[in-house]
Student: 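Quick one: structure below, then a few questions.
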There are 2 protein chains.
Amino acid sequence: MRDVAERAGVSPKTVSNVLTGSAQVREPTRLRVEQAMRELDFVPNLSARGLRNGRSGVIGLAQPDLRAAFSASMTHAVVEAAHARGLVVQVEETAAEPAREHDLVTRARTHLIDGMILNPVRLQDSVVEHLDHLPPIVLIGEVEQHRTDRVFINSRSAAREAVQHLIARGARRIVALGGAEHGAGLDKATQGQRLRGYLAGLAEAQLPARPELQVEVPEWTIAGGAAGMREVLERGVEFDAVLAFTDSIALGAMHELRSWGGRLPEDVLVCGFDDVEHASFAGTPLTTIAFDHQAYANAALDLLTSRMRDRGLPPRAQEIPYELLARASTQGPPAGFSGKNSPI
Amino acid sequence: MRDVAERAGVSPKTVSNVLTGSAQVREPTRLRVEQAMRELDFVPNLSARGLRNGRSGVIGLAQPDLRAAFSASMTHAVVEAAHARGLVVQVEETAAEPAREHDLVTRARTHLIDGMILNPVRLQDSVVEHLDHLPPIVLIGEVEQHRTDRVFINSRSAAREAVQHLIARGARRIVALGGAEHGAGLDKATQGQRLRGYLAGLAEAQLPARPELQVEVPEWTIAGGAAGMREVLERGVEFDAVLAFTDSIALGAMHELRSWGGRLPEDVLVCGFDDVEHASFAGTPLTTIAFDHQAYANAALDLLTSRMRDRGLPPRAQEIPYELLARASTQGPPAGFSGKNSPI
DNA sequence: ATGAAAGCGCTAACAG
DNA sequence: CTGTTAGCGCTTTCAT
């Protein structure tokens, strides 16, 4: 920067002013400086700026599994939203090792970022414990605490609505694919809310909650969904609908159902969550809970940047509206299906 | 850090030594320092370290569209590979605005990263021009220049093999979904190679290359694939196979074909590229060109880190092997199909 | 509107 | 094995 200043016949401070626009610089001076920057192919050193300013212009985005379609959509939306605000995004993945989610918020690296958007699998408490020593954090997903900023859709109500929809289309024995009461089901963030909504929906319709129709899916991917569906089918119980906790899970389930000879939606109705791109392009277009991913990301960034400006703000929660999108996969009534009646 | 040093009764340098492990520190001293760090909840400032060392520990990963399934898979693999090497990943998206790809390599922000993995859409030259003033770059995909490090699969040969496979299964009129000779087809990186392979495969079998069976797909997404397929169908020409340039394109094409009444694979064979997760879970499991995404990412990171260590290395290219995975979508022979004979 | 000086937190070089 | 000194490149006082 000194070189640029010398070449333009000004002081380093003036170059800095030109760069940041923080102070007015007279037109001719500015042009000279810009000229010099170009000639020397100067680019400011962001580490130095970060050191001086205490801000790096980088935010972190941590998600369980980057391969999942919803994560990909979210990453895209966050990168766009960040770009619009002059920020860049550093991505992290928490599912690979159980300790990573915890590490992430505690570890040193944290301090190259100005803030963080975290989609927690289960950990909520240990994040919150350390809150004072951490950069600003926005939680995305349905978290049961009120000490950090968060963006969410009302998953519980959405799941209940999905169950109502399935029942209205003739379903009576609905599989919950993604969480079970027995097991860690209710403890986990998003999973817990969707499971609660499922149970509430059944209760309202005075249908029993059957443990044999609930199954956990450790990995919320297509393969995970297929494996979960297989587990249910191998139990040999009858069911006539599936509420999958994400669209990826739903796609895996539909594949597995078909390979056991199930017809969709004639035998089984399927509903997903998130409305990712391939939901509408599936063999049987998938009914799902849709919401605006970009609006979700924008809200997260607004919360984050406002907190970066003022850490003293009270914790805020912003709800994003959702909508049940009925497609072919829930065109009932379903005849019902079980693993037993099929040859595989 | 000075506070930690004081509390532990040592000099800042010793704290630094404990942190980096760069010099031996006696056990009791180290323990005292670690104790002090814990008590003060000390985390090193990475901007300062970056400023001092000239390295930030961050690498950039730039891809055209983060929503695409292949990008998501690649992001996952790169994050894993980076993590294993003590690096973190900053993601960028180049497709949203045409200028971004160019900006990215020229712009200021570049200088917070130690290196960059770039999946170029078309730009190869302007990257290479500025090579001296840029951080180390590894190109992924099939780029026609030999001045940067790159990782690639032999897309040309893979596309040729796919065409041979389709022909062996009885196809004669194969649609190229993703690139056309007329238009920018051959100029673009990956697209050009796949198109060339397609043409070579046809030529070998002494089949004519029909322009009406080639179509560009600006967005390599499911929706883009569907739109491209619709364009061909609206032309009303007959065809009996589709070579889609990515699996996402293939999924969109299959959806569109079905909605026009086409049966897969009875009427039309379909082959994709990349073997993303949902290829094998599609309604009709998709034949595709498969390769090890993690090996691909590992290779990219090995090239990048070795160049970060020594910028004087000659440019290297590393080829990753691929394999044609024949699934149900190319179970021939196909009867043939055209937009005309269907009611939509 | 521009300049001079100081310092953000860390580590390389050297000395002891 | 540990301490001292200096400076990475930038921006923020405070002067002019």
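Remember, it's a predicted structure, so these values are computed and weren't measured experimentally. When reading the values below, keep in mind they use all heavy atoms of this one structure, side chains included, and skip hydrogens, waters and symmetry mates. Chain letters run A, B, ... following the sequence lines, proteins first and then strands; every chain starts at 1.
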Student: May I ask you to check whether over 12 heavy atoms, not counting those of Arg55(A), lie within 6.0 Å of atom CZ?
Tutor: no
Student: In chain order, what residues pass the side-chain contact (heavy atoms from CB on, under 4.5 Å) check against Ala72(A), with sequence neighbours excluded?
Tutor: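 Ala72(A): side-chain contact (heavy atoms from CB on, under 4.5 Å) contacts with Ala72(B).
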Student: Check side-chain hydrogen bond (donor to acceptor under 3.5 Å, both in side chains) between Asp65(A) and all other residues, then give those that pass, not counting sequence neighbours.
Tutor: Arg67(A)
Student: Given Phe70(B) and Thr75(B), is the side-chain contact (heavy atoms from CB on, under 4.5 Å) satisfied, shown in steps?
Tutor: CA-CA 9 Å; Phe70(B) 176 67; Thr75(B) 304; over 6 Å; no
Student: Under 4.0 Å from any heavy atom of chain A: name the first and the last nucleotide of DNA chain C that qualifies, 5' to 3'.
Tutor: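 So the contact region on DNA chain C extends dA1(C) to dG9(C).
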Student: If we ignore hydrogens and angles and just use 3.5 Å, is the side chain of Tyr296(B) paired with the main-chain N or O of Ile320(B) as donor and acceptor?
Tutor: no
Student: Going 5' to 3' along DNA chain D, between which two nucleotides do contacts with chain B fall, using a heavy-atom cut-off of 4.0 Å?
Tutor: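 Here the contact window of chain B covers dC1(D) to dG9(D).
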Student: Over the length of the helix from dA1(C)-dT16(D) to dG16(C)-dC1(D), how much do the five-pair end axes diverge, rounded to 10 degrees?
Tutor: 30°
Student: Are a donor atom and an acceptor atom from the side chains of Thr246(B) and Asp274(B) found within less than 3.5 Å of each other?
Tutor: no
Student: Please identify each residue that fulfils salt bridge (charged side-chain N to carboxylate O under 4.0 Å, His left out) with Arg85(A), with sequence neighbours left out.
Tutor: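 Once residues adjacent in sequence are excluded, the partners of Arg85(A) under the salt bridge (charged side-chain N to carboxylate O under 4.0 Å, His left out) criterion are Asp302(A).
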Student: Does the side chain of His146(B) come within less than 4.5 Å of Pro315(B)'s, by heavy atoms?
Tutor: no
Student: Looking at residues 30-41 of chain B, who's got a heavy atom less than 4.0 Å off DNA chain D?
Tutor: none
Student: Picking from Val88(B), Leu87(B), Leu46(B), what satisfies side chain to side chain contact (heavy atoms under 4.5 Å, CB included) with Val58(B)?
Tutor: Val88(B)
Student: Specify the residues of residues 7-20 of chain A, ordered by number, for which at least one heavy atom lies under 4.0 angstrom from an atom of DNA chain D.
Tutor: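 Residues of residues 7-20 of chain A under 4.0 Å from DNA chain D: Lys13(A), Ser16(A), Thr20(A).
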Student: Who are the side-chain hydrogen bond (donor to acceptor under 3.5 Å, both in side chains) partners of Arg32(A), not counting sequence neighbours?
Tutor: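 Counting only residues at least two positions away or on another chain, Arg32(A) forms no side-chain hydrogen bond (donor to acceptor under 3.5 Å, both in side chains).
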Student: Which residue pairs pass the ring-ring contact (aromatic ring centres under 6.0 Å, His included) test when at least one of the two sits in residues 5-45 of chain B, sequence neighbours left out?
Tutor: none
Student: Kindly say whether Val25(A) contributes a backbone atom to a donor-acceptor pair with the side chain of Thr29(A) at under 3.5 angstrom?
Tutor: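 Answer holds: no.
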Student: Where the side chain of Gln90(B) meets the backbone of Ile59(B), is there a donor-acceptor pair that is under 3.5 Å apart?
Tutor: no
Student: What pairs with Ser73(A) under side-chain hydrogen bond (donor to acceptor under 3.5 Å, both in side chains), at least two apart in sequence or on another chain?
Tutor: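 Applying side-chain hydrogen bond (donor to acceptor under 3.5 Å, both in side chains) to Ser73(A) gives His293(A).
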Student: Checking Asp149(B) now: which residues fulfil side-chain hydrogen bond (donor to acceptor under 3.5 Å, both in side chains) with it, not counting sequence neighbours?
Tutor: Arg307(B), Arg316(B)
